[in-house]
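Each remark here refers to the structure printed beneath this line.
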Amino acid sequence: RKPTLALVGATGAVGTVMRDIISNREDIYGEIRLVASARSAGRLLPVRGEEVVVQALAPEVFDGVDIAIFDVPDEVSAEWVPVAAQRGAIAIDKSGTFRMNPQVPLVVPEVNPGDARNRPLGIVSTPNCTTLSMMAAMGALHSEYGLRELVVASYQAVSGAGVAGSARLYDEIEALSGDRTVGQTAGDVRKTLQNKLGDAESPFPAPIAFNVVPWAGSLKEDGWASEELKLRNESRKILGIPDLKVSATCVRVPVVTTHSLAVHATFEREITVADAHRVLEAAPTVVLMDDPENGVWPTPVDVVGTDPTYVGRIRQALDFPNTLDLFVCGDNLRKGAALNAAEIAELIAAEFTA
Ligand code: 2RA
């Protein structure tokens, strides 16, 4: 039978992309319920070409639901994912709440699809978008060459911080445009933003237009940002390498959507650029864009709105044997969030129709 699907957080940045993705992939669901906070209840939103009334989050909305995809803040997931599971739905959760719980699989369908079947709590987690941006590529390389170490710098888009993140970048760019002297003196960008935008709240701890901000997420021990620790812990769990060495620096950049990562990856075995090309060309969800002589490499503006993981700038590290340096781009709202959750839902939906 066709499973009933609930999309929880249907009105957010990821929820909007999720409705689009579900509407454009194979139609495998019976009913689709849209769920959001009480504030959005009653709104009509399109999915599969039909307008559907948004329902307020409540225990009863999960009655009769087979699969519930959650894209809501951590604290909302902590409260409501167990409610959905208890009411019989298999919950696919995008938040950070359950990802590192040993009883909850953390799944990237290209890398560890089998893990989705082992879900004693009825919960499957989907990774953070920063981790996801490189997982299809790193999983493919790991399966042949054995990954040992990752040193990563991220270039994260503002929509990773939701609708408010994109809105803030557009507001700042508008406020700064027109004055061709701004950005040339320390403090002038902050001053102009203060004059034009006043005390309007920003999701970022520093101006994001005309800037890069070496901070993403919340403060954790010893000065680490939560995004950096997620990259480490989640990569280990997804790839099944508990002792994978990972060090990351996460940076927010003035890009609307699509995260990029500069990756320094060390393998058990010697690996050449040609080896990496062969493996990545064969990986169905990876697009190789690596022809530096002709200026071919991925950038966010060429990648945004598409599904694959794009890889370029692959180089054999000069001073590090068994190590490659490469650059990865992935749409943080699609593969980084909604698409991965939709793909997990499809794995689970297949159990209903099998
Ligand atoms: C960000 N990775 O980019 C986060 C979103 N979960 O802010």
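Between Glu172 and Arg168 there is a salt bridge, since a side-chain N of the basic residue sits under 4.0 Å from a carboxylate O of the acidic one.
Within 6.0 Å of CD on Glu174 lie no more than 12 heavy atoms contributed by other residues, nucleotides or ligands. Heavy atoms from other residues, nucleotides or ligands lying under 6.0 Å from CD of Glu51 number more than 12. Within 6.0 Å of the CD atom in Glu75, the count of heavy atoms belonging to other residues, nucleotides or ligands exceeds 12. Atom CZ of Arg269 is surrounded by more than 12 heavy atoms from other residues, nucleotides or ligands within 6.0 Å. Heavy atoms of other residues, nucleotides or ligands lying less than 6.0 angstrom from CZ of Arg278 number more than 12.
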Where do Ile241 and Arg236 land on the side-chain contact (heavy atoms from CB on, under 4.5 Å) test, with the steps shown first?
CA-CA 5 Å; Ile241 319 172; Arg236 289 175 164 188; 5.6 Å; no
For Asp63 and Arg87, what are the C-alpha separation, side-chain angles and deciding distance, and is it a salt bridge (charged side-chain N to carboxylate O under 4.0 Å, His left out)?
CA-CA 6 Å; Asp63 289 344; Arg87 296 223 164 203; 3.0 Å; yes
Pair Val303, Thr306 - check side-chain contact (heavy atoms from CB on, under 4.5 Å), show working.
CA-CA 6 Å; Val303 160; Thr306 67; 4.2 Å; yes
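Contact annotation: the side chain of Asn340 approaches that of Val108 to within less than 4.5 Å [non-hydrogen atoms, C-beta and beyond]. Side-chain contact check for Glu270 versus Asn322: some heavy-atom pair is nearer than 4.5 Å. Within the 4.5 Å cutoff, the side chain of Thr126 has heavy atoms near those of the Leu132 side chain. Side-chain contact between Leu121 and Phe98 is absent, with no heavy-atom pair separated by less than 4.5 Å. Within the 4.5 Å cutoff, the side chain of Thr249 has heavy atoms near those of the Glu228 side chain.
When only modelled atom types and interatomic distance are considered, Asp275 and Thr272 share a side-chain donor-acceptor pair under 3.5 Å. The closest side-chain donor-acceptor pair between Asp199 and Gln194 falls under 3.5 angstrom.
Residues meeting the side-chain hydrogen bond (donor to acceptor under 3.5 Å, both in side chains) test with Glu234, sequence neighbours left out: Arg99, Thr131. Checked against ring-ring contact (aromatic ring centres under 6.0 Å, His included), Phe62 has the following partners two or more places apart in sequence or in another chain: Phe70. For Tyr170, there are no ring-ring contact (aromatic ring centres under 6.0 Å, His included) partners, not counting sequence neighbours.
Residue pairs satisfying the salt bridge (charged side-chain N to carboxylate O under 4.0 Å, His left out) criterion with at least one member in residues 334-345, sequence neighbours excluded, are listed as follows: Asp20-Arg334, Glu110-Lys335, Asp307-Arg334, Lys335-Glu343. Under the salt bridge (charged side-chain N to carboxylate O under 4.0 Å, His left out) criterion, the residue pairs touching residues 118-134 are Arg119-Glu351, with sequence neighbours excluded.
Residues Thr97 and Asp74 approach most closely at OG1-O, 2.9 Å, considering heavy atoms.
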Let me have the donor-acceptor pairs involving side chains of residues 149-161, under 3.5 Å, with sequence neighbours excluded, atom names and distances please.
from	atom 1	to	atom 2	distance (Å)
Ser154	OG	Gln156	OE1	2.8
Ser154	OG	Val251	N	3.1
Gln156	NE2	Thr130	OG1	3.3
Gln156	NE2	Glu227	OE1	3.1
Ser159	OG	Val256	O	2.9
Ser159	OG	Thr257	OG1	2.8
Ser159	OG	Asn332	ND2	3.1

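Here the rule is side chain to side chain contact (heavy atoms under 4.5 Å, CB included) with Ser235, and of His142, Lys230, Met134 only Met134 fits it. Each of Leu339, Leu7, Asp71 was checked for a side chain to side chain contact (heavy atoms under 4.5 Å, CB included) with Met18, and the lone residue meeting it is Leu7.
Placement of Phe327 and Val296 in two distinct hydrophobic clusters is found when ILVMFWY residues are connected by side-chain heavy-atom separations under 4.5 Å, directly or transitively. Linking ILVMFWY residues whenever their side-chain heavy atoms come closer than 4.5 Å, directly or via other members, leaves Ile22 and Val8 in distinct clusters.
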